[in-house]
There are 2 protein chains.
Amino acid sequence: MNISQFELLCEVARVKSFSKAAKLLHLSQPAVSSQIHSIENYYGAKLFERSTSGVTLTPIGETVYKYAKEILKLHDKLEKEIDASLQSENQKLVIGASTTIGNYAIPCTIWTFKEKYPLAQIKLEVKNTKTILNMLDNDEIDLALLEEPLPEKHDNFKKHPVSNDELLVIAPPKKPWVDKTTITLAELKKAPLIIREQGSGIRCMFEKVLSALNLNLLTDFNVVTEMGSIEAIKSTVEAGLGVSICSSLAIRKEIRSGVIHPLRIEDAEFQVNYLIVYKDKKNLNSTAKRFIRFLAGPGKNPFC
Amino acid sequence: MNISQFELLCEVARVKSFSKAAKLLHLSQPAVSSQIHSIENYYGAKLFERSTSGVTLTPIGETVYKYAKEILKLHDKLEKEIDASLQSENQKLVIGASTTIGNYAIPCTIWTFKEKYPLAQIKLEVKNTKTILNMLDNDEIDLALLEEPLPEKHDNFKKHPVSNDELLVIAPPKKPWVDKTTITLAELKKAPLIIREQGSGIRCMFEKVLSALNLNLLTDFNVVTEMGSIEAIKSTVEAGLGVSICSSLAIRKEIRSGVIHPLRIEDAEFQVNYLIVYKDKKNLNSTAKRFIRFLAGPGKNPFC
DNA sequence: TAACGGTATAATTTTTGGTTATGGCCTCTA
DNA sequence: TAGAGGCCATAACCAAAAATTATACCGTTA
């Protein structure tokens, strides 16, 4: 039995479903299924009653759940205590993140992390993907949070998936766009398109998907401007001067307030995978290691 | 982190040595070393100060040790509670053991097990190795405790090493023997030898070692009798009527009281490995699974 | 009865944890 | 102070565990 199995069990017990827990833990459903089986085998007792409408704890399952929560609580306390001991030796962590992640996802994650480890000292660098990779290479940052695919091969870097999101077309809430919720690539080709600069993770990812469809961003599309900032692009789109693409994370507020109209692309998969990237686990300080575990280790998804 | 890592850490902290802990846990020293390393990496902190005269806990190590003990205590309580819930459904365990193990090793092990799981219902069958294997095949017993090598191939059985011991020559505490502590095979060949019956694990193991040296028990040795019981053999040896071989476990009392004189064989390795053998883990009840874990699972050696 | 939501199973790959063999370092002893 | 012995670290290798994808199965529900 290990700590992550206790975490898994608690998550399953909480949401009463293997597949839901799998999603929340960034695992496949069979992984959860087999973990539960192996826990049941370990204790020699059935812990969940399976049915088509989810799963429920058996009486023994309830007992294990109760203790699992207690053990996890204890372990949490242990980690906090270690953290407190280590902070006396000045363990700073410098994280680099791409624009999208750095501006829209990570602030909340760091907040959650600091809630758990109040003494952690974290500095955040937000630059475009390429710059961040250079900084990682030059040891200016400890960890990088970027989107897949990385623009170049970096065999000396370790990568670990952390979360994922969908790329959307964003348009002004006006005439041709406002009454649809999806768009085809053919329509997008004709629209005035604003894109991020070369070196941006989102642009790299977009070009990759296009090239798989034998399309070229600059020749097949009607690119009207390149801009170096998501906020600038959003303002331009809001002003009705064109459409663009960006991660759904980055436009949550604008969608709620209705100033930007999002559209899904019908005929292509625009899934973005977010990665945590680092050079060598051994040379990282404990705050860094804990941060990796916090969001990449099996269990947990603190991208909020 | 998993429960057995906490156990390992506690054992290392207790005995203040990687290699001693390794022996106690039936592991190799590098295994302990690498586990400790991975725990240190997990928490991002050094837990032990290494020196040539053993290891000592660092302050953070002390903290982890304290919590590890608490977590283990909690987990123990959990297992006892599960046990209590399960006993209501009548979980009997029938263990079969070879003569040596059944008479001299297992009683104490069962006692230790019952101390931990007071509600466990265990029945012990003591027969010779061959008979026990038949009983296992016929589902008359759930688990078997035998010595390696098994007399025949049993591909449908799972085996797991549990402990080990040394085969000794036993002689009366008299003239030719009493002033030596070792014996050569050449001397043994000439001595009047009493052996166990065909089908005995000890005899099988002895013959196996001999055949590796191109020797045959019945033609190369002076076998004066075969006997079906260790106690009978011991009495015969005490009476001065010959020498025999048996596991050191079986003659602890006689050695202490001086009625039997043990001799190590100089020119051969007579190591006995004890195994736990079972058919299929899936069909075992929880008491059986827990018993396997109790003595075969990484960590623990309750053969006393 | 077909489609759907949810778990189980199978085949495969990756990761982890174990083993043996070996090396380096400190201490104790002659 | 050289050498032996004890102890931990490292390397190469192997087996077991745990992940993934693909697919089967099985009740509900439309």
Considering all heavy atoms of both residues, which atom of A:Arg290 and which atom of A:Ile82 are nearest to each other, and what is their separation?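 What the structure gives for the nearest pair is NH2-CG2, 4.1 Å.
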Separation of [N] [atom2] from [X] [atom1] (nearest whole Å):
{"X": "B:Asn41", "N": "C:dG17", "atom1": "CG", "atom2": "P", "value": "11 Å"}
{"X": "B:Glu49", "N": "D:dA9", "atom1": "CD", "atom2": "P", "value": "11 Å"}
{"X": "B:Phe48", "N": "D:dA9", "atom1": "CZ", "atom2": "P", "value": "11 Å"}
{"X": "B:Gln5", "N": "C:dG18", "atom1": "CD", "atom2": "C1'", "value": "13 Å"}
{"X": "A:Ile3", "N": "D:dA18", "atom1": "CD1", "atom2": "P", "value": "15 Å"}
{"X": "B:Leu9", "N": "C:dG17", "atom1": "CG", "atom2": "P", "value": "15 Å"}
{"X": "B:Ile39", "N": "D:dC8", "atom1": "CD1", "atom2": "P", "value": "15 Å"}
{"X": "B:Ile36", "N": "C:dG17", "atom1": "CD1", "atom2": "P", "value": "13 Å"}

Measure from the side-chain N and O atoms of B:Arg293 to the backbone N and O of A:Tyr42, and report whether any donor-acceptor pair falls under 3.5 Å.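 Confirmed, B:Arg293 side chain pairs with A:Tyr42 backbone.
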Taking only N and O in the side chain of A:Arg50, is any of them less than 4.0 Å away from OP1 or OP2 of C:dG6?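 Negative; the distance criterion is not met.
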At less than 4.0 Å, is any side-chain N or O atom of A:Ser34 found next to OP1 or OP2 of D:dA17? Yes or no.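 No, no such contact exists.
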For DNA chain D, which residues of residues 11-18 of chain B approach it to below 4.0 angstrom with any heavy atom?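 Result for residues 11-18 of chain B: B:Ser17, B:Phe18, sorted by number.
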Please work out if B:Val32 contacts a base, only the sugar-phosphate, or nothing of the nucleic acid, heavy-atom cut-off 4.0 Å.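 No contact.
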For the [atom1] atom of [X] and the [atom2] atom of [Y], what is their distance to the nearest 0.5 Å?
{"X": "B:Leu47", "Y": "B:Tyr65", "atom1": "CG", "atom2": "OH", "result": "13.0 Å"}
{"X": "B:Ser247", "Y": "B:Glu147", "atom1": "OG", "atom2": "CD", "result": "8.0 Å"}
{"X": "B:Ser19", "Y": "B:Leu27", "atom1": "OG", "atom2": "CG", "result": "12.5 Å"}
{"X": "A:Thr100", "Y": "A:Leu146", "atom1": "OG1", "atom2": "CG", "result": "10.5 Å"}

Report the residue (A:Ser33 or B:Gln35) whose heavy-atom-nearest nucleotide on DNA chain C is the more 5′ of the two.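 Between the two, 5'-proximity favours A:Ser33.
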With under 30° as parallel and over 60° as perpendicular, where do the rings of B:His75 and A:Tyr43 fit, or are they tilted in between?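 Plane angle between 30° and 60°, so tilted.
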Salt bridge (charged side-chain N to carboxylate O under 4.0 Å, His left out) against A:Glu70, all qualifying residues, sequence neighbours excluded: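 Partners of A:Glu70 by the salt bridge (charged side-chain N to carboxylate O under 4.0 Å, His left out) criterion come out as none, since no residue qualifies.
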Nucleotide nearest A:His37 (side chain, heavy atoms from C-beta), chosen from C:dT9, C:dG6, D:dC8: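 Output: C:dT9.
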Go along nucleotides 20-30 of chain D 5' to 3' and tag each nucleotide: B for a protein heavy atom under 4.0 Å from its base, S when only backbone or sugar atoms are that close, - otherwise. BBB----S---
Do the side-chain N and O atoms of A:Tyr67 and B:Glu81 include a donor-acceptor pair separated by under 3.5 angstrom?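 Yes - a donor-acceptor pair under 3.5 Å links their side chains.
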